[in-house]
Amino acid sequence: ATMLAAKQLHGQDDVEYAEPNYRVTASIEPDDELYERQWHYQQLNLAAAWDKSTGSDNVKIAVLDTGIVANHPDLAARLSADSYDFISNVSSSGDGDGADSDAQDPGDGQDNTACATSSSRSSSFHGTHVAGTIGASTNNRIGTAGVTWAGEIMNLRVLGCDGGSTFDIAQALLYAAGIENALGINPTKTAAVANLSLGGGQPSNVLNNAVQAARAAGLIIIAAAGNDGNSDLAY
């Protein structure tokens, strides 16, 4: 009715123009202390996206990576009880044991004597960085902001000393999708999305089959891109 009235007024000879008195609201901007340093969020137009939605508690995101450091103030509240360590090789696990329910990142290289003989790198805590970008607790005045402010993060540790194996990654993907896997375990609730910021190695039938099965089960799988500074596909 307002638009129709404005249109009718606009057509009158003695009216220069007529338009609704539009209502505007402030754009959402989180108060996290390091948010201003997250320059990449501007490239994603996240402020505009947050005006539409800041996420949903019904969405669980699996992060297949190096694990997440224990008791992280920006992540502890977001972690799912379904998190799991899928690294089966004890010598490359970095935490002194094989697959188990403890998916925290013990570090690698100089920060972890268990990895010192197989790695010359210092720990990057890559999984913590990735999980924080995806879902750090946001608008809490500490740390950084996450892309999504709601939902659980399923921390699936698949990378240890010098990376991980395609077999372990495949089992973690199957688990995230609620599909039978070599460990014979299932999550209480399956993930909706799985993020794999990793690469390297040769094409693998085991991993490909797991990807196809997980996708068929409804899991959305996200791969990393852009690290090499070009647009070539590499995953």
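The figures here come from the full heavy-atom set of this structure, side chains too, leaving out hydrogens, waters and symmetry mates.
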Visitor: Which atom pair, heavy atoms only, marks the closest approach of A213 to I179?
Guide: O-CD1, 3.3 Å
Visitor: Are V158 and V69 connected in the hydrophobic side-chain network, where two residues link if heavy atoms are under 4.5 Å apart?
Guide: no
Visitor: Measure the spacing between CG of L198 and OG1 of T166 and express it to the nearest 0.5 Å.
Guide: 11.0 Å
Visitor: Examine I221 and M154 and state if one hydrophobic cluster contains both, with Ile, Leu, Val, Met, Phe, Trp and Tyr joined whenever side-chain heavy atoms are less than 4.5 Å apart.
Guide: yes
Visitor: Have a look at L196 and tell me which of I222, L173, D65, L207 forms a side chain to side chain contact (heavy atoms under 4.5 Å, CB included) with it.
Guide: L173
Visitor: Would you confirm whether T138, through its side chain, and A136, through its main-chain N or O, come within 3.5 Å as a donor-acceptor pair?
Guide: yes
Visitor: Any side-chain heavy atom of V147 sitting closer than 4.5 Å to one from I134?
Guide: no
Visitor: Applying salt bridge (charged side-chain N to carboxylate O under 4.0 Å, His left out) as the test, list every pair that has at least one member in residues 139-155; sequence neighbours left out.
Guide: D31-R141, K60-E152
Visitor: Does some side-chain heavy atom of R78 sit less than 4.5 Å from a side-chain heavy atom of T148?
Guide: yes
Visitor: Are W149 and L46 connected, step by step, through hydrophobic side chains (Ile, Leu, Val, Met, Phe, Trp, Tyr) whose heavy atoms are closer than 4.5 Å?
Guide: yes
Visitor: Could you tell me the separation between the CG atom of N139 and the CH2 atom of W50, rounded to the nearest 0.5 Å?
Guide: 9.0 Å
Visitor: Search all heavy atoms of D32 against all heavy atoms of S137 and return the closest pair with its distance.
Guide: OD2-O, 3.4 Å
Visitor: Let's go through N140 and D74 carefully: what are the C-alpha distance in whole Å and the side-chain angles of both, what is the deciding distance for side-chain hydrogen bond (donor to acceptor under 3.5 Å, both in side chains) to 0.1 Å, and is it a yes or a no?
Guide: CA-CA 9 Å; N140 61 352; D74 244 359; 3.0 Å; yes
Visitor: Below 4.5 Å, heavy atoms only, C-beta onward: do I68 and V63 meet side chain to side chain?
Guide: no
Visitor: To the nearest 0.5 angstrom, please state how far the OG1 atom of T188 sits from the CG atom of D82.
Guide: 3.5 Å
Visitor: Got P73 and I142 here, is their nearest side-chain heavy-atom distance under 4.5 Å?
Guide: yes
Visitor: Does the pair T133 and Y41 meet the rule for a side-chain contact (heavy atoms from CB on, under 4.5 Å), with working shown?
Guide: CA-CA 9 Å; T133 299; Y41 283 7; 3.9 Å; yes
Visitor: Mind listing the closest non-hydrogen atom pair of N155 and Q104 along with its distance?
Guide: ND2-N, 4.4 Å
Visitor: Looking at K189, I'd like to know if its NZ atom is crowded, meaning that more than 12 non-hydrogen atoms belonging to other residues, nucleotides or ligands lie closer than 6.0 Å.
Guide: yes
Visitor: Take atom CD of E180 as the centre, draw a 6.0 Å sphere, and report whether it contains more than 12 heavy atoms from other residues, nucleotides or ligands.
Guide: no
Visitor: Give the cluster check for L156 versus L219: same hydrophobic cluster or not, with ILVMFWY residues linked at side-chain heavy-atom distances below 4.5 Å.
Guide: yes
Visitor: Hey, could you give me the CD/CD distance between Q43 and Q38, rounded to the nearest 0.5 Å?
Guide: 12.5 Å
Visitor: Does Q12 CD have over 12 foreign heavy atoms under 6.0 Å away?
Guide: yes
Visitor: Quick one: does any side-chain atom of N209 pair with a main-chain N or O of N205 as donor and acceptor, under 3.5 Å?
Guide: yes
Visitor: Restricting to ring pair (Phe, Tyr, Trp, His ring centres under 6.0 Å), what partner residues turn up for F86, sequence neighbours left out?
Guide: Y84, Y175
Visitor: What are the two closest heavy atoms between P187 and G178, and how far apart are they?
Guide: CD-CA, 4.2 Å
Visitor: If every non-hydrogen atom of G135 is compared with every non-hydrogen atom of L75, which pair is closest and at what distance?
Guide: O-CD2, 4.0 Å
Visitor: Between D168 and I87, is any pair of side-chain heavy atoms under 4.5 Å apart?
Guide: yes
Visitor: Counting neighbours of CG on N21 that are heavy atoms of other residues, nucleotides or ligands and sit closer than 6.0 Å, is the number greater than 12?
Guide: no
Visitor: For P30 and A145, work out which heavy atoms get closest and say how close.
Guide: CG-CB, 3.9 Å
Visitor: Is the shortest side-chain heavy-atom distance between R215 and Q212 below 4.5 Å?
Guide: yes
Visitor: Between V59 and L79, is there a shared hydrophobic cluster once you connect ILVMFWY residues whose side-chain heavy atoms come closer than 4.5 Å?
Guide: yes
Visitor: Side chains of Q8 and H10: closer than 4.5 Å at any heavy-atom pair?
Guide: no
Visitor: Just verifying a value: how many Å separate T66 OG1 and R157 CZ, rounded to the nearest 0.5 Å?
Guide: 7.5 Å
Visitor: Look up atom CG in L4 and atom CG in L9, then write down how far apart they are to the nearest 0.5 Å.
Guide: 10.0 Å
